[in-house]
Amino acid sequence: MPELREAQQGKVVLRFAPNPNGPLSFGHARGIVINGQYAERYGGELILRFDDTDTVVKPPLPEAYSSIVEEATWLLGRAPDRVVIASDRIPVYYEHAERMLQGGGGYVCTCSAEAFRELRVAQTPCPCRDADAEINMERWRMMLDGRFAQGEAVVRVRTGMDLPNPALRDWPALRIQDTTAAPHPRPEVGSTYRVWPLLDFQSAVEDHLQGVTHIIRGKDLMDSTRKQSLLYEHFGWTYPETMYWGRVKVHEWGGFSTSAMRADIEAGTYEGWDDPRLPTIAALRRRGIQAEALRAFWLELAITQKDIAVPLATLYSHNTSVVDANAHRLAFVRDPVPLTLHNAPEEATLVAFPDDAERDVRRLDLSRGEVLIEAEDLQDPAPFRLKDLGDVEKEDGALHLTSLERSDSRRILHWTTPDATEAVLMVVNDGHIHNVKGRLEPHDLPSGAVVQLERIGYAILLDDHRLLMMHE
RNA sequence: GCUUGCGUGGUGUAGUGGCCCAUCAUAAAGGAUUCUCAUUCCUUUGACCCGGGUUCGAAUCCCGGCGCGAGCACCA
């Protein structure tokens, strides 16, 4: 990661500002990880800010406020330094709007959205643009007290109708939302306000108020930077240093939008935000993807403006290296075939952690003289060895233990004992969950433990009878 | 259409005029170690979008083309 421009040790303030209309998704992790990393590197601060100023198009999800703080903390390995909620600070934005109107930096526009769109294309000022501060203040009061209804008036920033970039021409800063009919989802806010700032105004003012020094965000917000810089000129402020990253697509996931996921969850298509098919932080976490792996992943992608498509294998590779040494080995026998084992000892001792044999062992009870093996492994007539037990020969449908020591280089199979529990291994593939039935070796690991199923891959224990596959 | 931004191996990434017959990671193939088809280690394959120009010298600078993306919402 490159150095930040104009960064002074101990004086860097960054922020990550999601819309709490759902919990964090995979892509959000980038904002948290990168901003958090820089805050740490320069001994600065990371602000988590909820940009929840829309009650109509993307209404906030009440639970998201707490879940996002919790998820961000998990990802960072520490809590954000400050948490700011935009909907708590509406009066502050009002003050700045009034200052802008009084200083002639903006005006109240009563043109319809469609009408203004035409004026913008034609580079023609609208009639409202000429109004003096007094008239603007009166219209502003009309917005506040309800004499204007939703859609009838908007506060615009005066930037210039002849700007070459149409996106910047007298952009809208605050609008009216009918919060009586559709209250803000936070009960403490509810129907208190009817005039709400739009992202560019709210974000710009708040960045200044919070002393943000550096903004790192998606390049889709490039024009936002330009818009906001024009607003900063009105106020005589200096805009923070800004960097951008491009779009990231994950090959295995299509395009997921927060609102679409929310609708699908409500419709019952998915079991919740942590459904393993979804690209949310909650789902990845439930699948056993470690915060450290996510951090390594995003740091490796760094902050190019290129639009990239990455395979999940890259993330999995990071996760394997984080998890492997501490993943307890366990056998999961799919399509199990019971076979009598002659000559068996009373008990077998298998390796739990290959890198650290002292740490723990697995003891399996062989007193019943029977083992379970995968049917597929039995297709091959070649002799084999039961891992950590001994070489066997197959005779009359039964196994004979012939040697505890390895006598040759025959293949080695995983196996378990008849007291293994019936279990289901959930594997996500192609956006579908496949339930693989099998028998799971007896163990005393808690739910949530990350294990490596021998010859299969890494998985997480959900409960006594369910496992969720992480990756190979 | 207007306005922006980006183009290095399969996928990501380093590289800001000579240290680059281009870095690292990942993927793939092969091999070694290993009582797992895991881990670890080694090897191989493989890239500077195209065309001009500037220069003794360009992945790096300039121009043009092509390709891909984003903004032009009273969403964030």
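Reckoned from all heavy atoms, side chains included, excluding hydrogens, waters and symmetry mates.
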Heavy-atom donor-acceptor pair, [X] side-chain to [N] base, under 3.5 Å:
| X | N | result |
| --- | --- | --- |
| A:Gln452 | B:rU39 | no |
| A:Arg226 | B:rU4 | no |
| A:Arg385 | B:rC35 | yes |

With sugar-phosphate meaning primed atoms plus P, OP1 and OP2, does [X] contact a base, only sugar-phosphate, or nothing at under 4.0 Å between heavy atoms?
| X | result |
| --- | --- |
| A:Gly151 | base |
| A:Pro311 | sugar-phosphate |
| A:Asp388 | base |
| A:Ile308 | sugar-phosphate |
| A:Thr320 | sugar-phosphate |
| A:Leu174 | nothing |
| A:Ala327 | nothing |
| A:Tyr458 | sugar-phosphate |
| A:Ser112 | base |

OP1 or OP2 of [N] versus the side-chain N and O atoms of [X]: is any pair under 4.0 Å?
| X | N | result |
| --- | --- | --- |
| A:Thr304 | B:rU13 | yes |
| A:Arg175 | B:rA76 | yes |
| A:Thr314 | B:rA25 | no |
| A:Lys306 | B:rU13 | yes |

Between [atom2] of [N] and [atom1] of [X], the distance in whole Å:
| X | N | atom1 | atom2 | result |
| --- | --- | --- | --- | --- |
| A:His28 | B:rA76 | NE2 | P | 14 Å |
| A:Leu199 | B:rC75 | CG | C1' | 9 Å |
| A:Asp52 | B:rA76 | CG | C1' | 11 Å |
| A:Arg217 | B:rG71 | CZ | P | 13 Å |
| A:Arg410 | B:rU36 | CZ | P | 15 Å |
| A:Leu221 | B:rA76 | CG | C1' | 8 Å |
| A:His318 | B:rU11 | NE2 | C1' | 12 Å |
| A:Leu230 | B:rU4 | CG | P | 13 Å |

Just compare B:rU3, B:rA14, B:rG69 and give me whichever is closest to any side-chain atom of A:Asn165.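 Of all the options, the side chain of A:Asn165 is nearest to B:rU3.
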Select one nucleotide: of B:rC37, B:rA76, B:rG71, the one nearest the side-chain heavy atoms of A:Pro166.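 Nearest listed nucleotide: B:rG71.
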[atom1]-based separation of [M] from [N] [nearest Å]:
| N | M | atom1 | value |
| --- | --- | --- | --- |
| B:rC49 | B:rA14 | P | 15 Å |
| B:rC75 | B:rC63 | C1' | 40 Å |
| B:rC61 | B:rG1 | P | 28 Å |
| B:rU45 | B:rC24 | P | 14 Å |
| B:rA70 | B:rA59 | P | 31 Å |
| B:rC42 | B:rC35 | C1' | 23 Å |
| B:rU60 | B:rC2 | P | 28 Å |
| B:rG57 | B:rG52 | P | 15 Å |

NZ/NE/NH1/NH2 to OD/OE distance under 4.0 Å, [X] and [Y]:
| X | Y | answer |
| --- | --- | --- |
| A:Arg158 | A:Asp170 | no |
| A:Arg410 | A:Glu393 | yes |
| A:Arg329 | A:Asp324 | yes |
| A:Glu374 | A:Arg439 | no |
| A:Glu206 | A:Arg49 | no |

When the nearest nucleotide of RNA chain B is assigned to A:Arg169 and to A:Arg247 on a heavy-atom basis, which residue is associated with the more 5' position?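 Taking each residue's closest nucleotide, the earlier one in sequence belongs to A:Arg169.
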RNA chain B: 5'-proximal contact among A:Asp220 and A:Arg117 (nearest heavy atom):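 By nearest-heavy-atom nucleotide position, the 5'-most residue is A:Asp220.
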Gap between atom CD1 of A:Ile85 and atom OG1 of A:Thr53 - 0.5 Å precision: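 A:Thr53 atom OG1 to A:Ile85 atom CD1 measures 13.0 Å (nearest 0.5 Å).
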With no hydrogens and no angle check, do the side chains of A:Ser407 and A:Asp391 hold a donor and an acceptor under 3.5 Å apart?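 A:Ser407 vs A:Asp391: donor-acceptor pair found between side chains.
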Ring centroid separation for A:Phe384 and A:Trp415, is it under 6.0 angstrom?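 Ring-ring flag for A:Phe384/A:Trp415: false, centres at least 6.0 Å apart.
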